[in-house]
Number of protein chains: 2
Amino acid sequence: MQISSRFTVALHVLACIATFSGQKKVTSVFLAESVNTNAVIIRNILLQLKAAGLIRVDRGTGGAYLKQPADEISLLDVYKAIEPLENGKLFRIHENPSKDCPVGRNIYEVLDGRLSAIQEVMELKLRSMSLADILADLNDRIEEQKD
Amino acid sequence: MQISSRFTVALHVLACIATFSGQKKVTSVFLAESVNTNAVIIRNILLQLKAAGLIRVDRGTGGAYLKQPADEISLLDVYKAIEPLENGKLFRIHENPSKDCPVGRNIYEVLDGRLSAIQEVMELKLRSMSLADILADLNDRIEEQKD
DNA sequence: CTCTGTTGTAATTTTATTTATTACAATGAT
DNA sequence: ATCATTGTAATAAATAAAATTACAACAGAG
């Protein structure tokens with residue numbers, strides 16, 4: 001089961017905001033065209049990024065802006081802003097295993113710590129990467145393509 | 001978006017097979033009761049574990065058995081046996097971003113490597129844990145509960 | 001103050017996926 | 001031959017993602 005595209009859409013959105021800030025007004029319609037999706041999808045993602053304090057969105061006049069320097073926005077910040085994990089747990093454990101079976105009775109406690117450790121390394125890696133890293137790669141590619 | 005419970009169900013199933021091997025015949029019906037789900041769900045998971053070479057399932061007579069020592073079955077083996085990831089990619093990247101936008105044109109290439117690196121650390125951690133580790137924890141708890 | 005472009009939000013639909021269920025042929029030991 | 005069991009198909013129900021439509025709220029520009 002893949003992690004939904006909302007996370008990568010959010011990264012795309014943030015990359016656009018950072019890239020075009022100052023040059024043009026970054027609206028949900030503009031973003032929807034760049035991502036190739038519906039503007040309401042974008043607006044909802046913008047709302048989540050705003051709620052997490054990562055961006056500012058100007059009502060009425062329109063436009064989205066970073067509220068933090070790109071090197072202070074980690075991919076984990078974005079991931080947590082976007083992915084509404086139940087209990088914050090990446091892995092789902094089946095519910096109500098049999099209390100009559102010694103395995104069923106104990107499986108949750110045994111798995112929970114290990115699954116959390118797996119999630120932890122993933123989140124550490126997410127934290128080690130920033131929006132600035134993505135922008136740097138992006139700029140390199142864009143510069144190359146100018147020839 | 002959480003990873004489906006099929007993975008943890010598979011771990012539960014393997015733990016039962018290892019725990020009860022020799023003591024009782026481990027059938028899909030028995031497993032379904034321990035997990036608290038439908039026997040067909042279990043059978044399909046058994047088929048996947050069998051296809052991955054982790055277990056043997058006896059047709060007709062019934063019963064499932066480990067084909068490898070528990071310390072040679074890593075959680076990654078189980079995860080890969082169970083999770084049918086498209087292209088093997090954990091993260092989904094939205095399709096057909098605008099070729100007219102410099103961000104849209106390059107976002108896939110820029111994100112792909114980083115997302116793969118994140119998946120990589122998660123898989124390394126999964127590989128570092130074995131079914132034997134789970135069985136050890138499980139046995140400790142079961143022994144404690146015998147009092 | 002009205003017009004205009006935009007955001008916030010609700011409601012609904014479409015599509016995909018997971019989980020559950022029913023049914024039954026195929027299997028293989030007894 | 002019987003019987004418990006697996007393999008498999010077909011389908012339904014539940015959940016979730018993604019897309020769409022509609023419109024009130026907003027805020028600057030004229």
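Order of the sequence lines fixes the chain letters, A, B, ..., with proteins taken first and strands second; residue numbering starts at 1 for each chain. The shown structure was predicted, so the numbers you read here are calculated from the model rather than taken from an experiment. Below, each value reflects all heavy atoms present in this structure, side chains not excepted, and no hydrogens, waters or symmetry copies.
In this structure, Gly60(B) reaches the bases: a heavy-atom distance under 4.0 Å links it to at least one base atom across the strands shown.
Rounded to whole Å, atom P of dA18(D) lies 7 Å from atom CD1 of Ile41(A).
A salt bridge links Lys146(A) with Glu143(A): the distance from a Lys NZ or Arg NE/NH1/NH2 to an Asp or Glu carboxylate oxygen falls below 4.0 Å.
Checking dG8(C), dT7(C), dG7(D) against every side-chain atom of Leu47(B), the shortest atom distance belongs to dG7(D). Of the candidates dT8(D), dG7(D), dA20(C), dT8(D) carries the atom nearest the Asn44(B) side chain, counting heavy atoms from C-beta on. Nearest to the side chain of Val40(B), among dT20(D), dA17(D), dT8(D), sits dT8(D). The side chain of Val57(A) lies closest to dG8(C), out of dG8(C), dT19(C), dT5(D). Proximity note for Thr37(B) (side chain, C-beta onward) versus dA17(D), dA18(D), dA20(C): the nearest is dA20(C).
Mapping Arg6(A) and Arg43(A) onto DNA chain D by nearest heavy atom places Arg6(A) at the nucleotide closer to the 5' end.
For Lys50(A) and dG8(C), the shortest distance from a side-chain N or O to OP1 or OP2 is below 4.0 Å. An OP1 or OP2 oxygen of dT6(C) is reached within less than 4.0 angstrom by no side-chain nitrogen or oxygen of Ser28(A). Applying the 4.0 Å criterion to OP1 and OP2 of dT6(C), one finds that Thr61(A) has every side-chain N and O outside that range. Between Arg92(A) and dT19(C) there is a side-chain polar atom (N or O) within less than 4.0 angstrom of OP1 or OP2. Applying the 4.0 Å criterion to OP1 and OP2 of dT17(C), one finds that Ser4(B) has every side-chain N and O outside that range. Distances shown here put every side-chain N or O of Arg59(A) at or beyond 4.0 Å from the OP1 or OP2 atom of dG28(D).
At most 12 heavy atoms of other shown residues, nucleotides or ligands fall within 6.0 angstrom of atom CD in Glu95(A).
Shortest non-hydrogen contact noted between Ser116(B) and Lys89(B) is OG-NZ, 3.9 Å. The heavy-atom pair separating Ile93(B) from Thr8(A) by the smallest distance is CA-OG1, 3.5 Å.
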